[in-house]
Amino acid sequence: MKFSRILALVLAGVMLFALASCSAAAQPITVTVKITPDVNDPNSTILDMPVELQSNNPTVLDAFIEGCTIAEFDFALDAAGESVVDIDEYKDYTDAETNTTYYWYYTVNGAEPESGKAYDNVVADGDVIEYIYTSFVPETN
């Protein structure tokens, strides 16, 4: 009698574990990844494609990497692997003669995130992630 109770408890535990494992599986989401190399010309977009992500809590960086991999775009991340620095021939750099800094920034659904890097910000189904190449010239006094 005790053996059948123990067996029933073990089977119930296995079933609960199996159910929990199934529910923990990531549900696929689809986001749009865009790459725009000219901030002044929205028609300069060189990538605009849906990307399916199947990980739990996918980030902006996950979506970007997946989109570039599918589209076969070359890209580089910073040394820490947290931010995009180069996409194709568009590089992050500072022109020493003009003191102009060129860099990539991203938006999610048209807005810059208030904080965090691309590897921190989680995306949701239907989000639009856009990387935009821009420049900045600091004011001189």
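The first residue of the sequence shown is numbered 1, and numbering continues consecutively from there.
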The side-chain hydrogen bond (donor to acceptor under 3.5 Å, both in side chains) partners of Asp78 (sequence neighbours excluded) come to none
Show every side-chain hydrogen bond (donor to acceptor under 3.5 Å, both in side chains) that has at least one partner inside residues 114-123, sequence neighbours left out. Glu82-Tyr119, Tyr106-Asn121
For Tyr103, ring-ring contact (aromatic ring centres under 6.0 Å, His included) partners two or more places apart: none
Linking I/L/V/M/F/W/Y whenever any side-chain heavy atoms sit under 4.5 Å apart, do Val84 and Val122 land together? no
Indicate if Leu53 and Leu61 have the same hydrophobic cluster label, given that clusters are the connected sets of ILVMFWY residues with side-chain heavy-atom separations under 4.5 angstrom. yes
Heavy-atom distance under 4.5 Å between the side chains of Val60 and Asp127, does that happen here? no
Would a hydrophobic clustering, with Ile, Leu, Val, Met, Phe, Trp and Tyr connected at side-chain separations under 4.5 Å, put Tyr102 with Ile132? no
Taking atom OG1 of Thr100 and atom OH of Tyr93, what is their separation to the nearest 0.5 Å? 8.0 Å
For the pair Tyr133 and Trp104, name the ring-plane relationship: parallel under 30°, tilted 30 to 60°, perpendicular over 60°. tilted
Sequence neighbours left out, what passes side-chain hydrogen bond (donor to acceptor under 3.5 Å, both in side chains) with Thr101? Give chain and number order. Thr94
Ile65, Val128: one ILVMFWY side-chain cluster at the under-4.5 Å cut-off? no
Could you check whether any side-chain N or O of Asp74 sits under 3.5 Å from a backbone N or O of Asp88, counting only pairs where one atom can act as donor and the other as acceptor? no
Run the side-chain donor-acceptor check on residues 28-39: report pairs under 3.5 Å with partners two or more places apart or on a different chain.
from  : atom 1 : to     : atom 2 : distance (Å)
Thr36 : OG1    : Thr45  : OG1    : 3.0
Thr36 : OG1    : Glu130 : OE2    : 2.4
Asp38 : OD1    : Asn40  : N      : 2.9

Do Phe75 and Val51 sit in the same hydrophobic cluster, where Ile, Leu, Val, Met, Phe, Trp and Tyr count as joined when their side-chain heavy atoms come under 4.5 Å apart? yes
Listing request: all side-chain hydrogen bond (donor to acceptor under 3.5 Å, both in side chains) pairs with a residue in residues 59-73, at least two apart in sequence or in separate chains. Thr59-Asp62
Listed by chain and number, what are the ring-ring contact (aromatic ring centres under 6.0 Å, His included) partners of Tyr105, not counting sequence neighbours? none
Could you pull out all residues at least two apart from Ala71 that satisfy side-chain contact (heavy atoms from CB on, under 4.5 Å)? Leu47, Met49, Phe73
The ring-ring contact (aromatic ring centres under 6.0 Å, His included) partners of Phe136 (sequence neighbours excluded) come to none
